[in-house]
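These notes concern the structure reproduced below.
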Amino acid sequence: DSHKHKDKYKDKEHKHKDHKKDKEREKSKYSNRYDVTADSSSFDLFGDMVQINNVLVLALCGAILVACVGMLVYILPSLCFFMPFRWEEERYTDGVKWKFLEHKGPVFAPPYDPLPSNVKFYYDGKHMKLSSTAEEVATFFAKMLDHEYTTKEVFRKNFYKDWRKEMTSEEKSKITDLNKCDFSEMSEYFKAQSEARKAMTKEDKQKIKEENERILQEYGFCIMDNHKERIANFRIEPPGLFRGRGDHPKMGMLKRRIRSEDIIVNCSKDSKHPKPPPGTKWKEVRHDNKVTWLVSWTENIQGSIKYIMLNPSSRIKGEKDWQKYETARRLKKCVERIRAQYRDDWKSKEMRIRQRAVALYFIDKLALRAGNEKEEGETADTVGCCSLRVEHLTLHQEMGGQEYVVEFDFLGKDSIRYYNKVPVEKRVFKNLQLFMEDKEPEDDLFDRLNTSILNKHLQELMDGLTAKVFRTYNASITLQQQLNEITNSEDNVPAKILSYNRANRAVAILCNHQRAPPKTFEKSMQNLQTKIDAKKEQLADAKRELKSAKADAKVRRDEKSKKAVESKKKAVQRIEEQLMKLEVQATDREENKQIALGTSKLNYLDPRISIAWCKKFGIQIEKIYNKTQREKFAWAIDMAGKDFQF
DNA sequence: CGCGGAACTTAGGATGCTATAG
DNA sequence: CTATAGCATCCTAAGTTCCGCG
């Protein structure tokens, strides 16, 4: 039965006549698999649902086991799982995201716990007792004292300005210079606290763990249309000092405490509404089923809205994720046509079209982000494709034996540097020269283009196409090609996994997913090398022993010595394997020094590619996806057979 | 049609937990 | 049994795209 169901998936996947209808169809196919039970509009969140969830978990295990091992025992729960209960019900239209939503609201940050009186703050060398409000803000600074950014002028200035707002008038008049403030006792106190926490007894740690688990069980789940779903971030962000990335003009500003009165709750009318803490009120309770969030509030640094939403394992997120990859797969079918067109557009007599075409070429070839305009002075100065400035590229007529090389050097998202030298077609090069003519370094490269114009154009080329689809498409197709190319079916499991990681790495490099080399990198590399050396020695010993055993067997010619040879042979083999495993590990780690694989794995690579690869080469999925990842990609694990190709 | 706000995805670093080496 | 490395999870900032309004 489960196989029949899978075939249904495949059939529908190939029909793409009408995109809109198709989307709806996908939704119904998908949502049905996570259905738990037939009826009832409201559950007791904290009683019955636990059991129902167990059924779901059991059924899911059942389904996987049936697919993988075909164990008869598990067929029954799996049948329940695939039963088309409520088959039609979740086929939503017009942007409706749910029909029923019930949750317990957010968990607020713990209230401020004042310092013990022996922990003092000094101003200009003299002890000064701060008001509770001013003290709280001071502790935020004290907690960051060891961090580099408390030395940065902007950080200090912003902090000081916001801190003063929280002071009493007396404090304001006394404290006039941040440099005269001594937070060191506070800082020491917090360090000691964190040491004490680490040194707690097992029992105390266990208690904390249990309490966290209790809160998770109470607040960490919601019910959306008969599914008990995990909430991603049910805890409200605690107050603190804003830490932007890169050179952020607002670093050090005070992120204020969020109260009930700031919170908008979203849930269905007929649900048990979440209760605000005693004596407080929500800002608003609304029932908007065209959005997916449960709770929102406005943050005070940028004035943007923050949301509480569901975990990636949820139906609503999984469905969206699937849709994303299906869009990318549709791009695959028409990407050559689109490429032909933008190459043609390089010759257009209209400047705006040439710019659009060159930008699209960069997005396609280099997997650059779209690059929205940003408000100057509000955020760090970073760019993407459409917002590139003249100063971000250097043109080289000839470089390192190659013609028409473009050198990119700019800060992208999260102020991560993008540096790349790329040979481009002559026509692109000539266009770039034209775009840069008579411009200042700080002028926009594409002055007739922005993301809205670009995306409008893309929409005309393919339904649902936007700039970011190219990143998804190029990432996934690269993984697929690399895996097809470099996996050797003769290899052992660790070698195959090295191949997988290398394919993953090719994508991470394409997408410029970098990380700071781990602080302990050199050391851990050395440790590994030591292990390898030891293993080599062990191997030499084992080989010597084998040799002498062989010689011994030749002389003695008895059963016992023959057996000894065999066991020594086995030992050599085993050690060789271990050595190989270590060496593979070393290679992998070295190549991974400054590259982060996680981001592409989680956000850009169609999981069905990886799952199909595992199935094809007999690799356990656990070897490439950890628990969280398997939960997020449950839809794909269920769906992809060994022959899936992106 | 442009703009700003809302909604949602993508991102790296910090922190916490656990397996394993010593 | 303890220290630590390495991985998982948490955290929330920083993007993209959508959407509605004047």
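First the proteins, then the strands, lettered A, B, ... as listed; each starts at 1. What's counted below: heavy atoms across the whole structure, side chains too, no hydrogens, waters or symmetry copies.
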For [X], which contact category applies under a 4.0 Å heavy-atom criterion: base, sugar-phosphate, or nothing?
X	answer
A/Arg245	base
A/Lys97	sugar-phosphate
A/Asn455	sugar-phosphate
A/Lys468	sugar-phosphate
A/Pro312	nothing
A/Ala380	nothing
A/Lys255	sugar-phosphate
A/Ser304	nothing

Just the rounded figure in Å: distance from [atom2] of [N] to [atom1] of [X].
X	N	atom1	atom2	value
A/Leu454	C/dT16	CG	P	11 Å
A/Ile305	C/dA13	CD1	C1'	16 Å
A/Lys306	B/dA7	NZ	C1'	14 Å
A/Lys632	C/dA8	NZ	C1'	15 Å
A/Ile308	C/dT12	CD1	C1'	13 Å

- prompt: Does the distance from a Lys or Arg side-chain N to an Asp or Glu carboxylate O, for A/Asp606 and A/Lys324, drop under 4.0 Å?
  reply: no
query: Between A/Gln629 and A/Gly371, who's closer to the 5' end of DNA chain C by nearest nucleotide?
result: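 First, find each residue's nearest nucleotide; the 5'-ward one identifies A/Gln629.
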- prompt: Does any N or O donor sit under 3.5 Å from an N or O acceptor when you compare the side chain of A/Lys324 with the base of B/dT9?
  reply: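 There is none.
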- prompt: With distance as the sole test, does A/His103 use its side chain to make a donor-acceptor pair with the main-chain N or O of A/Asn266 at under 3.5 Å?
  reply: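 Yes, A/His103 side chain to A/Asn266 backbone: donor-acceptor pair under 3.5 Å.
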task: Verify whether one side chain among A/Ser304 and A/Glu299 offers a donor that lies under 3.5 Å from an acceptor in the other.
output: yes
- request: For residues A/Phe234 and A/Tyr219, establish whether the separation of their ring centroids is below 6.0 Å.
  value: no
